[in-house]
Engineer: 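If you scroll down you'll find the structure; I have some questions about it.
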Amino acid sequence: MAFRKVVKGTVLIGGGAIATVFGLSQFSQYRNKHDNFMYVQAAEPVNIPMKNHFPTREDQFLALQNTSEFDVLVIGGGATGCGCALDAVTRGLKTALVERDDFSSGTSSRSTKLIHGGVRYLQKAIMRLDFEQYRMVKEALHERANLLEIAPHLSGPLPIMLPVYKWWQLPYYWVGIKLYDLVAGSQCLKSSYVLSKSRALELFPMLQKDRLVGAIVYYDGQHNDARMNLAIALTAARYGAATANYTEVVHLLKKTDPKSGKERVCGARCRDVLTGQEFDVKAKCVINATGPFTDSVRKMDDQEVSNICQPSAGVHIVMPGYYSPDNMGLLDPATSDGRVIFFLPWEKMTIAGTTDTPTEVTPHPIPTEEDINFILTEVRNYLSCDVEVRRGDVLAAWSGIRPLVTDPSSKDTQSISRNHVVAVSDSGLVTIAGGKWTTYRSMAQDTIDAAIQAHNLKAGPCKTVGLLLQGAKDWSPTLYIRLVQDYGLESEVAQHLASTYGDKAFEVAKIAQVTGKRWPIVGKRLVSEFPYIEAEIMYGVKEYACTAVDMISRRTRLAFLNVQAADEALPRIIDIMGKELHWSEQKKKEELESAKKFLYYEMGYKAKSEQLTDSSEITLIPSDIDRYKKRFHMFDKEKKGFITILDVQSVLESISIQIDENTLHEILNEVDLNKNGQVELNEFLQLMSAIQKGYVSGSRLAVLMKTAEENLRERVVIPVDRSGGGLPHSSD
């Protein structure tokens, strides 16, 4: 066994040496090309004036309907589509963009939140001597630097730890990570380094320490993906692009070319999803940037065309922040089935993912319990046995569809391209597909270059390298201090606003409501444990938010952080949006129902709620059952077999504690499985059993009843805020 390890290590280190030579040769070319610059700057300034404010949605619709002909019409409001619109408009092209849902409503808001070159792709490039994958990594690392530069408020470097559990892996991984730094060249964020076992555990105390040899730390970028996508769209709008969400393409418009006699795409018939109004948008060039829906638009152009998209579902989960350090991620380079799992701090929570499973294309992908449990199992393998990884600690889960593609111009149509593909059909439809979030800008550049060439458009060179996005111009790391000092916002809220809106945070602060408290002076929170405030809902409407789902998932990220918190914030969010958008009571009800359905199916609330059902098995030992019955009967003094809000209020009043009736209703409703307005003894025992097994955590009723039992003796304050954690088994 020892001999095999030595041989294996020798082979791997030898492979690393070969890779080093390969990397050095390419690095020389890279340095020559990019001229040793540390910061990315635009080669040429944009000559088009930028509006102080982006137009209203109504103004954008008027522009779409009243413009006789655009140069470019982009279909798709994800990162790539918005990137195409920004690239085109800054070259001086008359540009329009339509999206049938919301900006970033698809894959672009459901990523791992990383801006990276792809360590695993570099490994494959080296082991297989695959120059295409190497070029993809090199391009992505350049784009990583650009993205961190043009939106510093939405992004930043993140150290990621790669734990090592076998001695021979240490030099192997070290060579690979150093090559990653080397390919980045002068745009390397920070140099990677090796950690001893003790130092690794100091920085990541939750790590599994048995057999740990050491660790390697490297740097990649992290961002708020949906807000980044929106910033690209808003920047394009401010430069003059007519951008409209909730605008569906019904069919493509075509006309006969008088010279060739062939039919050419000349625009699209569009429909306002919110009103049903239809209208034509004419354009010299139409660009298909619809991600997983690439083939549906291609078939509008040609019904006989073969599919090129091979969709793959990636599931992520969000867990409480205590599962990871505040500023250190973790990479599992080889899961049980060969996939890669990231374990990252994000928005003061912990995000884990992703899976990679073939799937059908759908606008509403649903995370499966199987994928959630797979991620949890892999996380358990890397965390200390002292940290109990519980199913109940999954606060949100989502599935995103990655649009892998085959190159339609390739002879081997079965071969999946790891890079992006730009194709121009016989009728002139330009399709951009594949690629990754990080490279959206270079994908857009290639697409507009192809469009200009195919349609003889008059435009200058690309100007998006180094072009600052919405909110970046006057942002600084200390901007939040001015928000605290000038407006009286909480420090946490101010930091959140600065990192979300950049220099536009002042516009949000100006419309924040007075709290009536000594501190904070302004800024009413939507939910107590998150820094989102009511003013963001009003501002979100200005940012083209049209539905409650837009607000909880993409203007704020509440749905991605905690589905239960998002659910509780919905009534207030809908009230505010209703006033801004003049919704009727019926419309408000529809929005509430639609948003709850979104949370239930697409954000993991269904999978979470199914951990406690009326058919859940009770697996408590007799002594625990007796203990919990006694606790229950403290509230059910009349031995009815169930407790109501009145029962809970009676106990709380006896110990001088007051909780408003709405909050109590919410607390009981979490456990009221048959929804009859009361919690029965069996439901309570099912809850306690699920908590013991780790299926449920953060139950406010369980915490309240346990603490009330203690208060009758000690009279201490009962905490009723929602918790990201749960009850420890030894003292529940």
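When a residue number appears, it is its place in the shown sequence, counting from 1.
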Engineer: Would you please test Y193 and I177 for side-chain contact (heavy atoms from CB on, under 4.5 Å) and show each step?
Structural biologist: CA-CA 9 Å; Y193 53 91; I177 294 299; over 6 Å; no

Engineer: Could you walk me through whether K606 and E369 pass the salt bridge (Lys or Arg N to Asp or Glu O under 4.0 Å) check?
Structural biologist: CA-CA 10 Å; K606 178 177 185 290; E369 187 64 23; over 6 Å; no

Engineer: Where is the tightest heavy-atom contact between A559 and V563, given as atom of each residue plus distance?
Structural biologist: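 Closest approach of A559 to V563: O-CG1, 3.7 Å.
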
Engineer: Keeping the roles fixed (side chain from T438, backbone from A140), state whether a donor-acceptor pair exists under 3.5 Å.
Structural biologist: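 Absent.
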
Engineer: Would you check if Y219 and S192 make a side-chain contact, meaning some heavy-atom pair closer than 4.5 Å?
Structural biologist: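 With C-beta onward as the side chain, the pair stays apart.
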
Engineer: Between S191 and K178, is any side-chain donor less than 3.5 angstrom from a side-chain acceptor?
Structural biologist: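 The answer is yes; a qualifying pair exists.
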
Engineer: If you compare all heavy atoms of P333 against all heavy atoms of L162, which two are closest, and at what distance to 0.1 Å?
Structural biologist: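 Reported closest heavy-atom pair: CG-CD2, 4.2 Å.
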
Engineer: Taking all atoms of both residues into account, what is the closest heavy-atom pair of A494 and L483, and its distance?
Structural biologist: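 That would be O-CD1, 3.6 Å.
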
Engineer: For a 4.5 angstrom cut-off between non-hydrogen side-chain atoms, does M603 reach F598?
Structural biologist: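 Yes. Closest side-chain heavy atoms under 4.5 Å.
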
Engineer: With side-chain contact (heavy atoms from CB on, under 4.5 Å) as the test, would you mind laying out the steps for I375 and T355 before giving the verdict?
Structural biologist: CA-CA 8 Å; I375 296 172; T355 59; 4.0 Å; yes

Engineer: If you draw the axis of the six-membered ring of F560, does the NZ or CZ of R557 fall within 45° of it and under 6.0 Å from the ring centre?
Structural biologist: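 Here R557 passes the 6.0 Å and 45° test against F560.
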
Engineer: Would you say D225 and S109 are linked by a side-chain donor-acceptor pair, where the criterion is simply a distance under 3.5 Å?
Structural biologist: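 S109 vs D225: no donor-acceptor pair found between side chains.
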
Engineer: Hey, are the side chains of W174 and V194 touching, using non-hydrogen atoms and a 4.5 Å cut-off?
Structural biologist: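 Yes. Closest side-chain heavy atoms under 4.5 Å.
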
Engineer: So which heavy atom on P163 is nearest to which on L207, and how close?
Structural biologist: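 Here P163 and L207 meet closest at CB-CD2, 4.1 Å.
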
Engineer: How many angstroms lie between atom CE of M161 and atom CG of D332, to the nearest 0.5 angstrom?
Structural biologist: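 Answer rounded to 0.5 Å: 14.0 Å.
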
Engineer: Please check if the side chain of E536 supplies one atom and the backbone of I533 the other of a donor-acceptor pair under 3.5 Å.
Structural biologist: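 Indeed, once roles are kept as given, a pair shorter than 3.5 Å links the two residues.
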
Engineer: Hey, is the main chain of A313 close enough, under 3.5 Å, to the side chain of T359 for a donor-acceptor pair?
Structural biologist: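 Side chain of T359 to backbone of A313, a donor-acceptor pair under 3.5 Å: no, none is there.
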
Engineer: On a heavy-atom basis, which atom in S491 and which in V484 lie closest, and how many Å separate them?
Structural biologist: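 For S491 and V484, the tightest heavy-atom pair comes out as CA-CG2, 3.9 Å.
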
Engineer: Given R627 and E709, is the salt bridge (Lys or Arg N to Asp or Glu O under 4.0 Å) satisfied, shown in steps?
Structural biologist: CA-CA 11 Å; R627 180 156 55 99; E709 184 180 47; over 6 Å; no

Engineer: Does the salt bridge (Lys or Arg N to Asp or Glu O under 4.0 Å) test come out yes or no for K597 and E602, once each step is laid out?
Structural biologist: CA-CA 8 Å; K597 183 178 179 181; E602 295 185 52; over 6 Å; no

Engineer: Backbone N or O of M551 within a donor-acceptor pair of the T556 side chain at under 3.5 Å?
Structural biologist: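 Here the side-chain-to-backbone pair exists.
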
Engineer: Donor-acceptor check, side chain of R525 to backbone of F530, threshold 3.5 angstrom: yes or no?
Structural biologist: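 Yes; judged by distance alone, with no hydrogens or angles, the pair exists.
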
Engineer: Do the side chains of R227 and R555 get nearer than 4.5 Å, heavy atoms only?
Structural biologist: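 Of all side-chain heavy-atom pairs linking R227 with R555, at least one is under 4.5 Å.
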
Engineer: Indicate yes or no: at least one non-hydrogen side-chain atom of T350 is less than 4.5 angstrom from one of L344.
Structural biologist: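 With C-beta onward as the side chain, the pair stays apart.
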
Engineer: Parallel, tilted or perpendicular for F684 and Y628, by the 30°/60° rule?
Structural biologist: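 Ring orientation of F684 relative to Y628: perpendicular.
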
Engineer: Answer yes or no: is there a side-chain heavy-atom contact under 4.5 Å between Q208 and S384?
Structural biologist: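 No, every pair of side-chain atoms sits at 4.5 Å or beyond.
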
Engineer: Please give me the minimum heavy-atom distance between H316 and G314, naming the atom from each residue.
Structural biologist: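 Heavy atoms only, the tightest pair is ND1-O, 3.9 Å.
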
Engineer: Measure the spacing between CE of M634 and CG of D636 and express it to the nearest 0.5 Å.
Structural biologist: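 That separation rounds to 12.0 Å.
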
Engineer: Test salt bridge (Lys or Arg N to Asp or Glu O under 4.0 Å) on E202 and R199 and set out the steps.
Structural biologist: CA-CA 5 Å; E202 183 180 337; R199 182 62 177 150; 2.9 Å; yes

Engineer: Verify whether one side chain among T368 and D371 offers a donor that lies under 3.5 Å from an acceptor in the other.
Structural biologist: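 Looking only at side-chain atoms, D371 and T368 do form a donor-acceptor pair, the distance falling under 3.5 Å.
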
Engineer: Do any N or O atoms from the side chain of R390 and from the backbone of D393 form a donor-acceptor pair under 3.5 angstrom?
Structural biologist: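 Side chain of R390 to backbone of D393, a donor-acceptor pair under 3.5 Å: no, none is there.
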
Engineer: Would you confirm whether K436, through its side chain, and H116, through its main-chain N or O, come within 3.5 Å as a donor-acceptor pair?
Structural biologist: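 Between the backbone of H116 and the side chain of K436 there is a qualifying donor-acceptor contact (under 3.5 Å).
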
Engineer: Give the C-alpha distance, both sets of side-chain angles, the deciding distance and a yes or no for side-chain contact (heavy atoms from CB on, under 4.5 Å) between L330 and M206.
Structural biologist: CA-CA 11 Å; L330 184 74; M206 310 84 175; over 6 Å; no

Engineer: Give, for atom CZ of R554 and atom CG of N224, the distance between the pair rounded to the nearest 0.5 Å.
Structural biologist: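 So the gap between those two atoms works out to 12.5 Å.
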
Engineer: Would you kindly say whether Q123 and Y172 are connected by a side-chain donor-acceptor distance under 3.5 Å?
Structural biologist: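 Checked: Q123/Y172 side chains pair up, N/O donor to acceptor below 3.5 Å.
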
Engineer: What distance separates E492 CD from L497 CG, expressed to the nearest 0.5 Å?
Structural biologist: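 Answer for the CD-CG pair, E492 versus L497, is 10.5 Å.
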
Engineer: Under a 3.5 Å distance rule, please check whether W346 uses its side chain to pair with a backbone N or O of I351 as donor and acceptor.
Structural biologist: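 No; judged by distance alone, with no hydrogens or angles, the pair does not exist.
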
Engineer: Side-chain contact test, heavy atoms from C-beta onward, threshold under 4.5 Å: evaluate it for R144 versus H223 and give yes or no.
Structural biologist: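 Not touching, per the 4.5 Å side-chain cut-off.
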
Engineer: Using a 4.5 Å cut-off on heavy atoms from C-beta on, say whether the side chain of D624 contacts that of L685.
Structural biologist: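 The answer is no, as the side chains (C-beta and beyond) never meet within the 4.5 Å cut-off.
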
Engineer: side-chain contact (heavy atoms from CB on, under 4.5 Å), that's the test. Do N373 and R391 meet it? Break it down for me.
Structural biologist: CA-CA 8 Å; N373 284 322; R391 174 61 182 83; 4.0 Å; yes

Engineer: Could you go through Y532 and H496, starting from their C-alpha distance and side-chain angles, then the distance that decides it, and tell me whether this counts as ring-ring contact (aromatic ring centres under 6.0 Å, His included)?
Structural biologist: CA-CA 8 Å; Y532 300 110; H496 154 68; 4.7 Å; yes

Engineer: Return yes if some donor-acceptor pair links the side-chain N/O of T663 with the main-chain N/O of I659 below 3.5 Å, else return no.
Structural biologist: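 A pair under 3.5 Å: no.
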
Engineer: Examine distances only and state if a side-chain atom of S312 and a backbone atom of R402 form a donor-acceptor pair shorter than 3.5 Å.
Structural biologist: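 No, because the side chain of S312 does not come within donor-acceptor range (under 3.5 Å) of the backbone of R402.
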
Engineer: Atom CG in L148, atom CG in L189: separation rounded to 0.5 Å?
Structural biologist: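 Spacing of CG (L148) from CG (L189) equals 5.5 Å.
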
Engineer: NZ/K209 to CZ/F204 distance, rounded to the nearest 0.5 angstrom?
Structural biologist: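 Rounded to the nearest 0.5 Å, the NZ-CZ separation comes out at 15.0 Å.
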
Engineer: Under 3.5 Å, is there a donor-acceptor pair between the T112 and T354 side chains?
Structural biologist: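 Looking only at side-chain atoms, T354 and T112 do not form any donor-acceptor pair under 3.5 Å.
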
Engineer: Test ring-ring contact (aromatic ring centres under 6.0 Å, His included) on Y180 and Y218; report intermediate values, then the result.
Structural biologist: CA-CA 9 Å; Y180 194 61; Y218 73 98; 5.8 Å; yes

Engineer: Cut-off 3.5 Å, side chains only: do S499 and Q495 have a donor facing an acceptor?
Structural biologist: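 Their side chains do not contain a donor-acceptor pair, so the 3.5 Å distance test is not met.
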
